[in-house]
Amino acid sequence: MHGDDVPSFFNEETHDKKGNDAIFAMLARCMEAKSAGADVINATVGSLLDDDGILAINSVVLEQLKNAESIEYAAYSPLGGKPDFLDLSITTALGHVRSKLENLGIMATSTATPGGSGALRMSAANLASRGDKVLLRERHWGPYQGFLREAGLKSATWPLLGTDSEDSHPDFAMPEFETALTDLINEQDRVLIWLNDPAHNPTGLSMSPSARDDLLDIVMAQASSNLHKGVTLYIDSAYTLYAEETHGWAETILEAIESGLPWPENLLICFGISFSKSHTMYGMRCGAIVTVHPNQELLERIDEIFVATGRSTWSAPTRLPQDAIVRIHSDEQLSLKWEEERDAFTKLLKDRRDKLLSSCSDLGVKLVPSHDGFFAFLEHDNPSAISEACASRHVYVVALAGGVRIGVCAANQNQMTRLAETLKYAIEEVNE
Ligand SMILES: Cc1ncc(COP(=O)(O)O)c(C=O)c1O
């Protein structure tokens with residue numbers, strides 16, 4: 001139903017709400033071809049599949065979910081989350097750096113959310129004003145736009161990759177970021193930046209330590225020279241537990257503080273935590289928003305605000321996964337066993353990515369730099385044509401704005417050469 005056919009009970013905001021996204025549509029085609037007997041490569045989904053195409057599950061997590069006391073299944077969670085879970089989520093964000101930051105007076109608070117998606121929604125509801133633009137990289141996870149729409153927000157972007165200019169990094173378009181941030185600070189009373197790093201979806205790009213330093217410097221400098229404006233750097237760390245520098249951002253913050261940079265009162269740093277991927281509990285909807293700031297009173301106020309938003313959006317977070325995660329990580333043996341399985345998944349991803357990157361490089365197929373996590377990305381200005389050309393050879397990738405996403409998490413290592421060859425064929429066919 002479109003235009004005049006739309007019944008009047010739908011409000012205007014519904015007009016942009018469309019059904020099945022590109023990922024699920026392509027997955028359905030892949031499954032259909034597979035049932036018809038085709039030798040398919042499924043590089044569509046965003047969950048980690050084992051080499052037989054079955055969802056990879058961390059057995060420690062599954063066992064602890066099943067072993068929970070009845071009350072953990074049945075009772076409500078405290079509205080902001082269980083205290084021991086909240087503490088653990090802060091350590092998940094800051095790792096070994098946490099105590100050093102605390103000794104320097106940089107404190108953190110946490111509110112439990114339904115996955116990393118809930119954390120994004122929470123920041124959109126409270127850290128930007130209706131009509132504002134949230135600053136994103138040009139390539140970003142598709143649902144970001146939906147979270148913004150639901151909160152009455154828009155986006156402004158800066159490019160994912162730098163140009164060859166001297167002051168750019170290969171993995172961070174620094175001058176463009178600085179300009180975009182300055183423009184927004186001049187236009188709005190508060191600026192929220194969503195940065196998905198490390199192991200960016202959809203490219204697998206992870207920023208280098210020097211790029212992180214420079215980004216934080218710019219944010220701190222802008223906040224310091226605009227003390228009457230609010231600035232929030234929200235680090236979406238959904239894939240960080242599969243990245244080489246898991247706590248890279250906490251290290252960058254610590255280095256900035258140790259080098260004597262004063263923390264501007266009007267700067268917040270948030271970490272969006274998702275346990276969906278790291279603990280293979282996608283359906284459990286478990287995550288948190290961790291907020292870092294030197295002022296304890298302000299952090300308490302943030303807690304109050306976030307709990308109020310949670311209460312009137314999803315009521316309480318899910319209790320069972322919070323309990324299971326705490327039991328795992330407060331037991332040395334269980335925690336080690338979880339880590340071993342997580343490490344095996346990380347190796348699976350690394351081996352697949354290495355094979356894809358080397359096969360593409362041998363064939364002259366240029367992918368966006370890809371380091372960690374679930375995805376790799378081929379830029380192209382006709383992504384649908386590329387994904388259709390691939391699908392004609394039963395290789396299924398997802399067409400997104402600006403290119404196609406390759407699910408390293410879904411296709412296995414032995415399929416990577418064929419995948420690279422198919423990308424080459426598709427590029428040649430479409431560019432002809
Ligand atoms: C970039 C990014 N951020 C956040 C999330 C949130 O995940 P969830 O809500 O399942 O925890 C995802 C999930 O795919 C993601 O890709």
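Computed from heavy atoms alone, side chains included, the values below leave out hydrogens, waters and symmetry copies. Order of appearance sets the numbers: ligands from 1, and atoms from 1 within every ligand.
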Within residues 378-400 or reaching into it, pairs that qualify as ring-ring contact (aromatic ring centres under 6.0 Å, His included) - sequence neighbours excluded: none

Ligand 1 polar-atom proximity to protein (N/O, under 3.5 Å):
residue: ligand 1; atom: 3 (N); partner: Asp236; partner atom: OD1; Å: 3.2
residue: ligand 1; atom: 3 (N); partner: Asp236; partner atom: OD2; Å: 2.6
residue: ligand 1; atom: 9 (O); partner: Gly116; partner atom: N; Å: 3.3
residue: ligand 1; atom: 9 (O); partner: Ser117; partner atom: N; Å: 2.9
residue: ligand 1; atom: 9 (O); partner: Ser117; partner atom: OG; Å: 2.6
residue: ligand 1; atom: 9 (O); partner: Arg285; partner atom: NH2; Å: 2.7
residue: ligand 1; atom: 10 (O); partner: Ser276; partner atom: OG; Å: 2.8
residue: ligand 1; atom: 10 (O); partner: Arg285; partner atom: NH1; Å: 3.0
residue: ligand 1; atom: 11 (O); partner: Gly116; partner atom: N; Å: 2.7
residue: ligand 1; atom: 11 (O); partner: Ser274; partner atom: OG; Å: 2.6
residue: ligand 1; atom: 11 (O); partner: Ser276; partner atom: OG; Å: 2.7
residue: ligand 1; atom: 14 (O); partner: Tyr239; partner atom: OH; Å: 3.4
residue: ligand 1; atom: 14 (O); partner: Lys277; partner atom: NZ; Å: 2.7
residue: ligand 1; atom: 16 (O); partner: Asn201; partner atom: ND2; Å: 2.9
residue: ligand 1; atom: 16 (O); partner: Tyr239; partner atom: OH; Å: 2.7

Residue pairs fulfilling ring-ring contact (aromatic ring centres under 6.0 Å, His included) with at least one residue in residues 110-135, sequence neighbours excluded: none

Any donor-acceptor N/O pair, Tyr234 side chain to Leu120 backbone, under 3.5 Å: yes

Residues Ser278 and Arg342: side-chain donor-acceptor under 3.5 angstrom: no

Centroid separation Tyr144 to Trp194 less than 6.0 Å: yes

Under 3.5 Å, which donor-acceptor pairs link side chains of residues 366-377 to any protein atom two or more places apart or in another chain?
residue: Ser370; atom: OG; partner: Thr203; partner atom: O; Å: 2.8
residue: Ser370; atom: OG; partner: Arg353; partner atom: NH1; Å: 2.7
residue: Ser370; atom: OG; partner: Phe375; partner atom: O; Å: 3.2
residue: His371; atom: ND1; partner: Ser206; partner atom: N; Å: 2.9
residue: Asp372; atom: OD1; partner: Glu244; partner atom: N; Å: 3.1
residue: Asp372; atom: OD2; partner: Ser206; partner atom: OG; Å: 2.6

